[in-house]
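Quick notes on the structure that follows.
Counting starts at 1 for both ligands and their atoms, in listed order. No experiment lies behind these values; they were computed from the predicted model shown.
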Amino acid sequence: MSPIPFIPTFASPLAIETKDIAVIGYFAVTVTDDTVKDTTASIATYGNDYGVYVDVTAVSDVSSIETLLNEGARVAFVTVDQLAQLKDTIDADRFAVVGSEGAQLPCAKVANSKDIRTLGKVLNDPFHTYIQLPENPTQEDIVNVMKLQGTALVPAQFLTKDPKDESKISIGKLIAEGIVTDRTDGLYTTLVVDEAGVALGLVYSSKESIIETVRSGTGVYQSRKRGLWYKGATSGDTQELVRIDTDCDGDCLRYVVRQKGNGFCHLKTSSCFGPYDGLRALEKTLLARKISSPPGSYTSRLFNDEKLLRAKIQEEAEELCTATTKEEIAFEAADVIYFTLTRCIAAGVSLSDVEKNLDKKARKVKRRKGDAKGKFAAKEGIKVEEEKKETAPAAPKVEEEEGRITMKRFNAAEATPAELDEVLRRPAQKNKDINGIVVPIVEAVKTRGDAALLEYAAKFDRATLTSPVLNAPFAPELMQIDDETKEAIDISFENIRKFHAAQGDNERLQVETMPGVICSRFVRPIERVGLYVPGGTAVLPSTTMMLGVPALVAGCKTIVIASPPRSDGSISPEIVYIAHRVGATAILLAGGAQAVAALAYGTESCPKVDKILGPGNQFVTAAKMLVSNDTGAGVSIDMPAGPSEVLVIADKSANPAFVASDLLSQAEHGVDSQVILITVGLDESQIQAIEDQVHEQAMALPRVKIVRGSIAHSVTLQTKDIKEAMRLSNIYAPEHLILHVEDAEKVEDLVENAGSVFVGQWTPESVGDYSAGVNHSLPTYGYAKQYSGVNLASFQKHITSSNLSAEGIRNVGKAVMRLAKVEELEAHRRAVEIRLEYLDKTA
Ligand SMILES: NC(=O)c1ccc[n+]([C@@H]2O[C@H](COP(=O)([O-])OP(=O)(O)OC[C@H]3O[C@@H](n4cnc5c(N)ncnc54)[C@H](O)[C@@H]3O)[C@@H](O)[C@H]2O)c1
Ligand SMILES: N[C@H](CO)Cc1c[nH]c[nH+]1
Ligand SMILES: [Zn+2]
């Protein structure tokens, strides 16, 4: 804010009468060694609501000056000597130096100047000059200082709000004199805002209305039609004046008000610019809920249940810490703010109170180290510096224990079905507003094609592209990879190819169901496929193989690979190399919902496809669902494939280190991943050995933070026998199931629901992710109960064919006619009868 350029000054903090200076919002206090304490207390009381300046030139101990600034004093008027002692530790804009030397600094205070006009030369930019006025200032003295663009320090006892008190200087008149206008009607443009600075409306003031505002402490303006306008005099929507200030060049007033009633606007909204939104809207709603709530209001439940509110604040703070994508972080931060503000409103603390507190903290010159405390530091594995030296022996490693990365434990035998259900629940998918985000993106790409794709690449991937598509043949320089990587890709490619080729049923299937009735089935590739390769939190060339190789084996004619571009507009060379090897038609440099929309509808440069396959985040999955439901799009999808998950079953034969490594390999995918360990007949020390390995190995991982997030919602279930373990596994229907058990091959016979199974201690899940040959694009979230993972058939259609001879129609005709009659579909019946009649006639 730019204060009106005069500051009331007080000789002693005890003399402060806020009502006299309230409208200006600033005051200065002269401090001595004797009054440091009282002034500090006074700043603690008023410093949040008013700007406090302190004249400390008479203070001998500079540490007192630090204390005053730290408590919230805005600017300290200091001597050159004091400045020399403090300037290395405190920002220069917190000082004004008394004396001409002060011209070295952004601020200077010129003391006891009798002839203000001679000050012109030191009042030049860039220094702001505070001028201490003579003992008995006149209104003219103050106005002269303001005209010279200085700030006058005026002893408060000479100021008054009452324009009729001729023994003093009228604050209203000073404000009116201190501002300028270039309007021909001589009125002053006046912005009216609430205490948070949110604009309520634009009005005009005259000298008369300003003086009246100051006198009455309410909003009074100059209506161009009705003359002096006391806001709320007829509507009842009055305003309490908090403060008046001006803009930077003094030609626009700002009135900070506390608006009462329906709001500022004649349309009964808070502001002439429409109702509040964001935090102010939330605060308004919460305040309303506190007074009266509709039945069943959740907010009102929170107001009445302190424990619930406390638990929610902690839960949301934890979720905010583990969120990773921008979307998730905004989502969780909004939740934290909602519950926090509910706590504030419940305790009578307003948003402005919180903001004032933030400002106060920002003014501190001695910053706290900001280290995390006790249990919170320990949880994150941060070493806490001892604050006090305790003589008692240090507590056993409780804090360290809290920081352990460990899964919750449950004894399945003792748990009720409802408890098991709860324990095995996947982390809630935060997709409440996903369609609100995805629908406009899909619509934009559908209607504006490439232009929309380029905009989204800039927005979500920070990539500036000239074209959203790379067409084959791909330039060799785009697929430069080292030999070792190339060899790894080639080995994996070949294994995946072999396994998927073996799934082929290219032979025509033919069965003669009755003499002369031949039924066949033959296979055709889906002509055009779009393959989504995720690229948000990790680039996944392996997914390009898992989708591209079966598409190649199936013989799809058009293969479009979509993946988010890197911020320099390029795409990983491994992906380009694999695209080249599978014979892809094009690479679409797009991710998220926009990529799915482009594949579904086509754009100027992206071919439309018939089926979209591949995993992705919640935007990708929601967009796939959306386009597959649009009959106009004519596109299908593979399955809902979300965050990675694994279930490991371990018995006494299992190697704890192997088990832990398998759990962690999926836990590192994302904080929304989940890993489950089912132990079979293990005792405490055996389970402990696995848990130790989980913690130790996790702490050594580069993605330990992500692991900590996913392990937080992962569990160990203790069972007594393998049948119980398999029963639970089939209920969970994991994406990946790893069997670290004796006779693992036999146990595999008990598998009913799983995306992919890894049998025995020598089969880590990561071999399936990359190179064994099986597909890693698999159903998650329990969908393994009804979906298969991607396989050759995902890229094919099976077409059936019937071929009847005259003998055949004679044999089957009677049954057809009878059933058509039952269904009362006469034309169906006639289609057979007409042929049988013909055969009878020509026989
Ligand atoms: N089930 C499986 O077979 C399997 C296989 C591999 C990966 N996965 C999973 O796939 C997922 C990949 O997700 P990802 O995020 O890393 O990559 P992604 O490519 O799926 O998503 C990145 C894109 O999301 C879009 N996006 C991001 N924030 C957005 C926002 N706020 N609004 C609109 N769009 C936004 C952007 O367009 C960005 O390009 C992970 O959960 C991983 O576990 C699953
Ligand atoms: N495990 C993931 C499927 O859930 C696939 C993957 C790719 N790269 C590493 N892992
Ligand atoms: Zn993986």
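By the 4.5 Å heavy-atom criterion applied to side chains, His740 and Val648 are counted as neighbours. The shortest distance between side-chain heavy atoms of Val707 and Ile405 falls below 4.5 Å.
Atom 32 (N) of ligand 1 has Phe460 CE2, 3.3 Å as its closest protein atom, hydrogens excluded (heavy atom only). The closest protein non-hydrogen atom to atom 42 (C) of ligand 1 is Ser644 OG, 4.3 Å. The shortest contact between atom 12 (C) of ligand 1 and any protein heavy atom is with Pro534 CB, 3.6 Å. Looking from atom 23 (C) of ligand 1 to the surrounding protein, the closest heavy atom is Gly592 N, 3.7 Å. Distance from atom 2 (C) of ligand 1 to its nearest protein heavy atom, with residue and atom name: Glu735 OE2, 3.4 Å. What sits closest to atom 2 (C) of ligand 2 on the protein, heavy atoms only, is His669 NE2, 3.4 Å.
When the options Phe331, Phe619, Tyr456 are ranked by their closest heavy atom to atom 34 (N) of ligand 1, first place goes to Phe619. Selection from Pro615, Gly535, Gly789, Gly670 by nearest heavy atom to atom 4 (C) of ligand 1 gives Pro615. Among Thr543, Leu540, Asp769, the residue whose heavy atom lies closest to atom 1 (N) of ligand 2 is Asp769. Closest heavy-atom approach to atom 20 (O) of ligand 1 among the candidates Asn617, Asp769, Asp638, Thr543: Asn617.
Remark: Asp490 engages Arg581 in a salt bridge, criterion side-chain N to carboxylate O under 4.0 Å. Under 4.0 Å is where a charged nitrogen must lie from a carboxylate oxygen, and between Arg448 and Glu455 at least one such pair does. Salt-bridge formation is not detected for the pair Lys312/Asp335: no Lys NZ or Arg NE/NH1/NH2 atom is positioned less than 4.0 Å from an Asp or Glu carboxylate oxygen. Electrostatic pairing of Arg409 and Glu691 counts as a salt bridge here, judged by a charged N lying under 4.0 Å from a carboxylate O. A salt bridge is absent between Lys557 and Asp610; no separation between the charged side-chain nitrogens and carboxylate oxygens falls under 4.0 Å.
Ligand 1 lies less than 4.0 angstrom from a heavy atom belonging to Gln594. The closest approach between any non-hydrogen atom of Met546 and ligand 2 is not below 4.0 Å. Within the structure, ligand 1 lacks Gly755 among the residues with a heavy atom less than 4.0 angstrom away.
With a heavy-atom cut-off of 4.0 Å, Glu645 does not touch ligand 2 at all. With a heavy-atom cut-off of 4.0 Å, Thr325 does not touch ligand 1 at all.
When Leu647, Leu424, Leu677, Ile649 are each tested for a side chain to side chain contact (heavy atoms under 4.5 Å, CB included) with Leu717, only one passes: Leu424. Across Leu547, Val529, Val582, Leu588, a single residue satisfies side chain to side chain contact (heavy atoms under 4.5 Å, CB included) together with Ile561, and that is Val582.
Residue contacts to the Zn ion (ligand 3): His776 brings no N, O or S atom closer than 2.8 Å.
Between Gly642 and ligand 1, at least one N/O pair is under 3.5 Å apart. Of the polar atoms of Val533, none of the N or O atoms is found under 3.5 Å from an N or O of ligand 1, judged by distance alone. Taking only nitrogen or oxygen atoms, main chain and side chain alike, Tyr532 reaches within less than 3.5 Å of ligand 1.
Against a heavy-atom cut-off of under 4.0 Å, Ser542 is close to the following atoms of ligand 2: 7 (C), 8 (N). The ligand atoms of ligand 1 that sit less than 4.0 angstrom from a heavy atom of Pro643 are 41 (O), 43 (O). Atoms of ligand 1 found under 4.0 Å from any heavy atom of Ile437, numbered from 1 in the order shown, are 32 (N), 33 (C). Interface of Leu540 with ligand 1, defined as ligand atoms under 4.0 Å from a residue heavy atom, comprises 6 (C), 7 (C). If you number the atoms of ligand 1 from 1 as listed, the ones under 4.0 Å from a heavy atom of Asp461 come out as 38 (C), 39 (O). Ligand 1 places these atoms under 4.0 Å from at least one heavy atom of Val620: 20 (O). Here is the list of ligand 1 atoms found below 4.0 Å of a heavy atom in His776: 2 (C), 3 (O).
Within a 4.0 Å radius of atom 40 (C) of ligand 1, the protein contributes no heavy atom.
Judged purely by atom type and a 3.5 angstrom limit, Ser673 uses its side chain to pair as donor or acceptor with the backbone of Ser644. With hydrogens and angles ignored, the 3.5 Å screen pairs no side-chain donor or acceptor of Asp461 with any backbone N or O of Ala463. Within the 3.5 Å criterion, the main-chain N or O of Gly592 finds a donor-acceptor partner in the side chain of Tyr532. A donor-acceptor pair is defined here as one N or O able to donate and one able to accept, closer than 3.5 Å; such a pair exists between the side chain of His713 and the backbone of Val671.
Per residue Asp769, closest N, O or S atom to the Zn ion (ligand 3): atom name OD2.
Nearest approach of Leu320 to Ala333, heavy atoms of both residues: CD1-N, 3.6 Å. Contact record, Ala754 with Ala784: C-CB, 3.7 Å, taken as the closest heavy-atom pair.
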